[in-house]
Amino acid sequence: MPSTALRSTSLALILFACGIMGSVRADNPPPPPANATTPAGQNAGPGERAGQAPSTPSAAEQHRLPPDSSTRQTLDLPGRTLSFTAMAGSIRLFDKKGEPDADIVYTSYQLDGTDRGTRPVTFFFNGGPGSSSAWLQFGNAGPWRLPINADEVTPSTFPEVRPNAETWLDFTDLVFIDPVGTGYSRFVGTGNDVRKRLFSVNGDVNALALVVRRWLEKHGRLLSPKYIVGESYGGIRGPKVVHQLQMQQGIGVKGLIMVSPIFDYARTGLLQYIATLPSYVATLREAEGPVKRADLADVEAYARGEFLTDLIKGQADKEATTRLADKVAALTGIDQAVSRRLAGRFDPAAFGREFDRKNGKLIGNYDASVRGLDPYPDSDFHHSDDPSSDTLLAPLTSATVDLLTRKLNWRPDGSYELVNDAVGQAWDYGRGPPESLSELRQILAADPKMKLLVGHGLFDLVTPYFGSQIVLDQLPPFASAPRVKLVVYPGGHMFYSRDGSRHAFRAEAEAIMK
């Protein structure tokens with residue numbers, strides 16, 4: 001899920017992609033009197049307690065989210081009809097003093113006629129930080145879908161969703177969560193401390209884990225098998241949220257599904273070139289015909305072997321550097337003179353700029369198989385938006401708002417934030433680069449039955465699949481196949497935008513829930 005935060009830290013992301021903090025809680029203050037007018041599904045705030053007249057509402061309270069809206073829906077799909085209850089609403093978080101912090105919005109879908117004690121429920125969140133869950137809902141797993149293949153979508157694409165034949169609702173109920181500052185989720189507390197806390201690695205994780213627990217309590221689903229899905233920066237969130245649920249919230253999770261994740265921001269240096277090389281080569285081969293991961297076995301072997309060996313020798317070894325640069329040029333299609341000038345060491349920005357320069361086109365970082373016209377073809381610098389992601393922002397935003405207001409009958413005020421740049425700009429990553437490998441090891445060790453599924457697109461330069469392969473290869477033997485599985489499909493960061501990839505990934509997700 002694209003965001004300026006992810007772009008602005010894309011070097012750190014791409015370099016490898018490749019204590020409980022905060023005081024947020026979701027405990028209810030004392031209940032309001034019988035005649036209170038607190039909206040359904042919301043908690044009474046301070047000043048609304050029995051026998052106490054409410055004070056003048058703050059600006060945040062004046063723009064409070066509407067009551068939860070529950071509607072019955074029927075979806076006609078190939079070979080079956082799904083009847084389900086859709087709910088759009090919010091969960092309020094409080095600090096230790098009982099003061100309101102934020103309203104976190106969710107959209108849930110629960111299939112009718114099922115045993116809620118045995119039926120799985122899956123929670124989805126995206127990345128950025130600063131991205132809403134609409135990408136996963138309306139691009140991948142939700143009941144309705146907007147085609148978001150960047151090869152076909154433009155900002156003026158008709159933004160109406162259609163029934164999603166690959167919805168996961170057949171085998172799990174669905175809950176899509178928008179962290180504060182994304183979607184319609186918003187702060188209620190007005191102090192800077194609440195923003196600093198929730199716009200941080202640990203504060204964000206605490207909040208998401210609390211929302212999961214509160215949703216389960218609110219809907220009577222504590223006994224249900226539970227799964228977590230995170231995309232992109234969700235690779236940092238996912239293992240940490242599961243660990244928080246296990247250790248602090250009393251909630252066990254049966255499976256973790258990661259979509260185009262980054263697990264570690266700290267890996268730098270030579271590993272960035274190893275992680276991205278197979279995706280560079282996949283981009284060239286895709287231009288010549290369909291490509292699968294199996295077609296890149298030679299490149300992966302080269303990246304682990306001779307390529308790594310020549311990189312380690314450094315540019316002081318002219319023979320090794322020339323050999324490496326010429327091999328990279330041959331594999332990627334980059335002009336040999338350019339490759340030699342850069343010593344065969346391409347970051348994604350340089351690769352995207354040089355790959356199709358002769359035709360005045362740029363390739364996308366999120367999906368390198370997508371080409372876009374370069375508005376400044378004669379410049380030495382990159383001045384363009386990403387052609388594989390930014391064209392999707394307008395239609396996906398409009399489609400999401402239309403569905404929430406027209407079909408789900410939930411009409412908040414304010415603007416829907418599909419991607420909120422301000423969140424990423426304000427994000428506190430902590431004292432060191434964030435990573436979730438520590439929590440990943442711990443949650444897999446703590447629960448030997450828990451499964452991990454990681455999905456990637458071949459042409460993703462933001463979080464390249466080979467970066468995750470290197471990470472997973474370092475896990476202990478107890479975290480090996482079939483418990484831990486990496487699947488790679490044609491496509492980019494949002495590989496699910498391709499019909500075949502979305503269908504195949506759905507089958508993998510269903511398999512781990514059986």
Side-chain angles (χ1 to χ4, degrees), residues 5-6 9 12-24 123 125-129 179 197-210 212-213 226-269 271-272 274-275 427-456 463-481 483-486:
L6 192 57
T9 58
L13 287 169
I14 296 163
L15 292 183
F16 180 58
C18 58
I20 307 306
M21 173 184 174
S23 56
V24 175
F123 296 87
F125 43 78
N126 216 290
R197 187 169 2 105
L198 295 186
F199 284 171
S200 71
V201 174
N202 289 338
D204 167 71
V205 166
N206 292 345
L208 287 171
L210 281 164
V212 170
R213 191 198 79 191
K226 305 158 195 76
Y227 295 83
I228 298 292
V229 179
E231 180 175 359
S232 197
Y233 179 80
I236 299 294
R237 283 172 165 154
K240 291 179 179 292
V241 168
V242 172
H243 188 253
Q244 173 73 254
L245 287 168
Q246 287 179 344
M247 305 307 295
Q248 298 296 325
Q249 301 300 331
I251 303 294
V253 175
K254 291 182 69 67
L256 176 62
I257 300 174
M258 299 278 85
V259 181
S260 304
I262 179 170
F263 292 107
D264 190 353
Y265 278 63
R267 310 258 178 184
T268 60
L271 279 177
Q272 64 174 307
I274 300 169
W427 201 259
D428 180 4
Y429 289 93
R431 293 183 178 180
E435 56 86 18
S436 61
L437 298 177
S438 303
E439 289 83 4
L440 187 61
R441 285 171 174 259
Q442 292 177 58
I443 63 177
L444 291 172
D447 188 347
K449 294 183 179 180
M450 185 179 158
K451 296 180 180 179
L452 170 66
L453 174 65
V454 180
H456 274 282
T463 57
Y465 80 89
F466 204 53
S468 284
Q469 182 67 74
I470 296 170
V471 164
L472 298 178
D473 286 344
Q474 311 312 309
L475 294 177
F478 64 74
S480 58
R483 266 189 85 192
V484 174
K485 188 173 185 180
L486 171 65

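Computed from a predicted model, the values in this text were never measured in an experiment. Note that these values count all heavy atoms, side chains included, but never hydrogens, waters or copies made by symmetry. Numbering starts at 1 and runs along the sequence shown.
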Donor-acceptor check, side chain of T463 to backbone of S232, threshold 3.5 angstrom: yes or no?
no
Heavy-atom pair of closest approach, residues [X] and [Y]:
X    : Y    : value
I236 : D264 : CD1-N, 4.2 Å
G235 : P261 : CA-CB, 3.7 Å
Q244 : A209 : CG-CB, 3.3 Å
L256 : V242 : CD1-CG2, 4.1 Å
D447 : Q246 : CB-NE2, 4.3 Å
H456 : S468 : NE2-OG, 2.7 Å

The single option from M258, R441, Q442 that satisfies side chain to side chain contact (heavy atoms under 4.5 Å, CB included) with P239 is M258
Take I228 and L245, measure what side-chain contact (heavy atoms from CB on, under 4.5 Å) needs, and give me the verdict at the end.
CA-CA 11 Å; I228 298 292; L245 287 168; 4.3 Å; yes
Gap between atom [atom2] of [Y] and atom [atom1] of [X] - 0.5 Å precision:
X    : Y    : atom1 : atom2 : answer
H243 : Q249 : NE2   : CD    : 12.5 Å
L444 : M450 : CG    : CE    : 5.5 Å
D428 : L198 : CG    : CG    : 12.0 Å
I262 : Y233 : CD1   : OH    : 10.0 Å
S438 : K240 : OG    : NZ    : 7.0 Å

For E435, salt bridge (Lys or Arg N to Asp or Glu O under 4.0 Å) partners two or more places apart:
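So E435 forms no salt bridge (Lys or Arg N to Asp or Glu O under 4.0 Å) with any residue.
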Evaluation steps, side-chain contact (heavy atoms from CB on, under 4.5 Å), between V454 and V471
CA-CA 11 Å; V454 180; V471 164; over 6 Å; no
Does a side-chain heavy-atom distance below 4.5 Å link F123 with V241?
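No; the side chains remain at least 4.5 Å from each other.
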Using side-chain heavy atoms (C-beta onward) and a distance below 4.5 Å, is P129 in contact with D204?
no
Once you measure the plane-to-plane angle for Y265 and Y429, does it fall in the parallel (<30°), tilted (30-60°) or perpendicular (>60°) bin?
tilted
Test side-chain contact (heavy atoms from CB on, under 4.5 Å) applied to L472 and L452, step by step
CA-CA 10 Å; L472 298 178; L452 170 66; 4.2 Å; yes
Salt bridge (Lys or Arg N to Asp or Glu O under 4.0 Å) pairs touching residues 242-260, sequence neighbours excluded, are none
Intermediate values then yes/no, side-chain contact (heavy atoms from CB on, under 4.5 Å), F263 and I470
CA-CA 11 Å; F263 292 107; I470 296 170; over 6 Å; no
